[in-house]
Protein chains: 2
Amino acid sequence: MRLSTKGQYGLRAALDLADRYGEGPVPLNTVAEREEISEHYLEQIMGQLRKAGVVTSIRGAQGGYQLSRSPEEITAAEVIDALDGPMVPVECLSDDGGCKRSSFCAAQNLWKRLADAMDSVLGSTTLADLVEENRQNRGNEDFMYFI
Amino acid sequence: MRLSTKGQYGLRAALDLADRYGEGPVPLNTVAEREEISEHYLEQIMGQLRKAGVVTSIRGAQGGYQLSRSPEEITAAEVIDALDGPMVPVECLSDDGGCKRSSFCAAQNLWKRLADAMDSVLGSTTLADLVEENRQNRGNEDFMYFI
DNA sequence: TTAATTCCAACCAAATCACTCGGGATTCTT
DNA sequence: AAGAATCCCGAGTGATTTGGTTGGAATTAA
């Protein structure tokens, strides 16, 4: 059970934008370069994020992408859902997929707990949280480095 | 991010065996029938579970499969790992996959938390837990039914 | 006007998934 | 010893998904 690279790249790109929130639009190619993601592929990803309302774009020269809201207001779940669909571990939990065995399926209890656990992590972690954590880590590392 | 049907079927089959633990070997076709899984496909799945030490098999007439240990001693994680490999949400967390960005990757903190959350559910839930919960549910349902 | 950018749709190779098929090996029952 | 019930194994397969690439059109700042 792996997350697609799309979801991973998308989150990295979103974090890249979060780190520069408020500094104006960032062109796609600089994000692609910093994050080492194929430019054309990232284009598709940003398109999805735009349609989902996570980022906004400005076309033309000096254009680029930026987060649509402040990083505190965007959860990891929102980014990943936009790219990979909702993170539900098995089909039978999703609204329409309901399987006829559900009334007596012992496994379903497990999937529910698993889905809850995943939700609570992704839904409660914002881009700001991750950027902040990372700044602190980097800080400590630099500190270590110079001793 | 979906679990493969293999993992789902495998868990269902394991729970089926857990429900009958101590009653001797159960032939594959009866499990397949009760759980509505293709017999040949389930055969492959049971093969993997056997190699992983989750079930044992007895060949020949009157043979079949049974859990290798009591359901209290088998976690959901063990079953799923045997079939789909470890449930790690992204490659860069797995031992050998370590990516070079890890030292400054803000996303990785999220994946770690997600992996921990998943682990703690799957690693702490045993087959016995699920069978027991299910028996209670079924009990309540029957109760409701006859009022 | 030109260069920088986003936007869009089609295409593609490789991998994975969810099975199926066919037959061999083993063991119980009679 | 024969036959039936089982597990064991490896190969094949069609559909879908993944992880992109290609090529070009539209928009806008300088």
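Convention: sequence-line order gives letters A, B, ...; per-chain numbering from 1.
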Enquirer: Are R34(B) and D16(B) ion-paired here, with the side-chain N under 4.0 Å from a carboxylate O?
Expert: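 Looking at R34(B) and D16(B), the cut-off is met.
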Enquirer: Rounding to a whole Å, what distance do you find between Q8(A):CD and dT18(D):P?
Expert: 12 Å
Enquirer: For each nucleotide in nucleotides 2-16 of chain D, reading 5' to 3', give B when a protein heavy atom comes within less than 4.0 Å of its base, S when such contact involves only the sugar-phosphate, and - otherwise.
Expert: ---BBBBB-------
Enquirer: With rounding to the nearest 0.5 Å, note down the distance linking CZ in R69(B) to OG1 in T126(B).
Expert: 11.5 Å
Enquirer: Using the rule that Ile, Leu, Val, Met, Phe, Trp and Tyr join whenever any side-chain heavy atoms are under 4.5 Å apart, tell me whether Y21(A) and L49(A) fall into a single cluster.
Expert: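 The answer is yes; both residues are in one hydrophobic cluster.
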Enquirer: Specify the separation, in whole Å, of atom CG of L17(A) and atom P of dT6(C).
Expert: 11 Å
Enquirer: Between atom CD in E36(A) and atom P in dG20(D), what is the gap in whole Å?
Expert: 13 Å
Enquirer: Decide, yes or no, whether a salt bridge links E36(B) with R12(B) under the criterion of side-chain N to carboxylate O below 4.0 Å.
Expert: no
Enquirer: Keeping the roles fixed (side chain from T56(A), backbone from S68(A)), state whether a donor-acceptor pair exists under 3.5 Å.
Expert: no
Enquirer: Between the main-chain N or O of A82(B) and the side-chain N or O of Q48(B), is there a donor-acceptor pair closer than 3.5 Å?
Expert: yes
Enquirer: Roughly how many Å is it from CD1 in I45(A) to P in dT6(C), rounded to a whole number?
Expert: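 Going from I45(A) (CD1) to dT6(C) (P), I get 14 Å.
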Enquirer: Taking atom P of dT18(D) as reference, at what distance in whole Å does atom CG of L42(A) sit?
Expert: 18 Å
Enquirer: Does the pair V90(A) and L114(A) meet the rule for a side-chain contact (heavy atoms from CB on, under 4.5 Å), with working shown?
Expert: CA-CA 10 Å; V90(A) 296; L114(A) 185 60; over 6 Å; no
Enquirer: Hey, what are the protein-to-nucleotides 16-18 of chain C N/O distances that come in under 3.5 Å?
Expert:
from: dA18(C); atom 1: OP2; to: T5(B); atom 2: N; distance (Å): 3.2
from: dA18(C); atom 1: OP2; to: T5(B); atom 2: OG1; distance (Å): 3.3
from: dA18(C); atom 1: O5'; to: T5(B); atom 2: OG1; distance (Å): 3.4

Enquirer: For S57(B), enumerate each residue passing the side-chain contact (heavy atoms from CB on, under 4.5 Å) test, keeping only those at least two apart in sequence or located in another chain.
Expert: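 Per chain and number, S57(B) pairs via side-chain contact (heavy atoms from CB on, under 4.5 Å) with R50(B), Y65(B).
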